[in-house]
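Residue numbers run from 1 in the order of the sequence given.
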Amino acid sequence: MKSFTVHKGLVAPMDRENVDTDAIIPKQFLKSIRKTGFGQNLFDEWRYLDAGFPGQDPTSRKPNPDFVLNQPRYAGASILLARKNFGCGSSREHAPWALLDFGVRAVISTSFADIFYNNCFKNGILPIKLSGEIIEQLFREVRAQEGYTLTVDVENLVITKPDGAQIPFDLHPFLRERLLNGWDQIGLTLRFEDKIAAYERARGIA
């Protein structure tokens with residue numbers, strides 16, 4: 001898993017509450033566990049005007065020009081600004097896989113569904129919780145300034161705005177350590193490789 005220390009990225013505003021995982025990656029695309037290839041179908045039913053199916057050439061689709069991620073000013077956005085309860089619904093880990101494959105490294109909201117929140121850390125995405133007042137201000141600023149970027153610093157737990165103003169955020173120390181070191185579930189296990197090997201030797205497994 002790619003570590004997350006400092007990331008500067010263009011911000012796209014997702015002005016919807018209760019964005020569920022079926023909207024993030026619809027169920028018909030959950031055909032693989034390879035973790036890659038899902039980005040082209042991220043928010044599929046919102047991004048396209050036609051119905052999509054697995055294996056379809058995305059260049060043959062009809063993009064929805066009104067959807068935020070299809071608008072030229074947000075092309076290449078890697079930070080998603082969202083409303084409350086982002087990632088609700090089913091527990092599919094494909095949702096953060098699709099976000100990451102699309103290029104999203106951080107999602108900022110007032111609240112997240114618990115399973116989605118934890119799945120993000122397993123895949124190198126940073127979900128940041130901020131107050132409703134700060135979220136509202138960020139929405140205003142993103143809409144008013146084309147090319148609006150934020151710099152997210154996990155080491156120091158601070159977000160820096162284009163004008164230099166900083167927004168602190170909270171993160172559990174263990175989750176912060178996971179991101180800084182790029183530890184997915186396998187990486188966490190391999191931290192104890194010596195102990196695992198010693199146990200296997202003692203049991204006559206190795």
Using side chain to side chain contact (heavy atoms under 4.5 Å, CB included), reason through Phe29 and His94 one step at a time and then give a plain yes or no. CA-CA 9 Å; Phe29 301 109; His94 294 73; over 6 Å; no

For the pair Phe43 and Phe86, name the ring-plane relationship: parallel under 30°, tilted 30 to 60°, perpendicular over 60°.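 Perpendicular, since the angle between the ring planes exceeds 60°.
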
Would you please classify the geometry between the Phe116 ring and the Phe112 ring as parallel, tilted or perpendicular, with 30° and 60° separating the classes?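 Geometry flag for Phe116 against Phe112: parallel rings.
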
Can you tell me how far [atom2] of [Y] sits from [atom1] of [X], rounded to the nearest 0.5 angstrom?
X      : Y      : atom1 : atom2 : answer
Ile79  : Ile125 : CD1   : CD1   : 12.0 Å
Cys120 : Leu126 : SG    : CG    : 8.5 Å
Asn64  : Glu45  : CG    : CD    : 12.0 Å
Tyr148 : Arg73  : OH    : CZ    : 12.0 Å
Arg105 : Phe4   : CZ    : CZ    : 5.5 Å
Asp44  : Lys27  : CG    : NZ    : 11.5 Å

Where the side chain of [X] meets the backbone of [Y], is there a donor-acceptor pair that is under 3.5 Å apart?
X      : Y      : result
Asp101 : Gly37  : yes
Thr21  : Ser90  : yes
Arg47  : Pro63  : no
Asn118 : Asp114 : yes

What is the minimum heavy-atom distance between [X] and [Y], and which atoms define it?
X      : Y      : result
Ala77  : Val11  : CB-C, 4.4 Å
Asn85  : Ser109 : N-OG, 4.4 Å
Leu42  : Leu99  : CD1-CD2, 3.7 Å
Lys122 : Glu93  : CB-OE2, 4.1 Å
Cys88  : Ala113 : CA-CB, 3.5 Å
Thr110 : Arg83  : OG1-C, 4.4 Å

Decide whether [X] and [Y] are clustered together by the hydrophobic rule: side chain heavy atoms of Ile, Leu, Val, Met, Phe, Trp, Tyr closer than 4.5 Å, transitively.
X      : Y      : answer
Leu30  : Tyr48  : no
Leu49  : Phe67  : no
Leu171 : Val6   : no
Met1   : Val104 : no
Val19  : Ile115 : no

Between [X] and [Y], is any pair of side-chain heavy atoms under 4.5 Å apart?
X      : Y      : result
Ile128 : Val107 : no
Thr5   : Val154 : no
Asp170 : Lys129 : no
Asn156 : Gln166 : no
His172 : Phe121 : no
Arg61  : Asn41  : yes
Ile108 : Phe169 : no
Lys8   : Leu150 : no

May I ask you to check whether over 12 heavy atoms, not counting those of Leu175, lie within 6.0 Å of atom CG?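 Result for CG/Leu175: enclosed.
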
When you look at CG of Asp57, are more than 12 heavy atoms from neighbouring residues, nucleotides or ligands closer to it than 6.0 Å?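 Result for CG/Asp57: enclosed.
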
With a 4.0 Å cut-off, would you call Arg92 and Asp22 a salt bridge?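 Salt bridge flag = yes for Asp22 with Arg92.
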
Cationic N near anionic O, under 4.0 Å, Lys161 to Glu141: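 Looking at Glu141 together with Lys161, the answer is yes, because their closest N to O distance falls below 4.0 Å.
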
From Asp153, Leu130, Thr151, residue fulfilling side-chain contact (heavy atoms from CB on, under 4.5 Å) relative to Ile159: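 Exactly one pass, corresponding to Leu130.
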
Let's go through Lys2 and Leu100 carefully: what are the C-alpha distance in whole Å and the side-chain angles of both, what is the deciding distance for side chain to side chain contact (heavy atoms under 4.5 Å, CB included) to 0.1 Å, and is it a yes or a no? CA-CA 11 Å; Lys2 185 178 180 181; Leu100 188 64; over 6 Å; no

Between Trp97 and Asn123, do the side chains contain an N or O donor and an N or O acceptor separated by less than 3.5 Å?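 Yes.
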
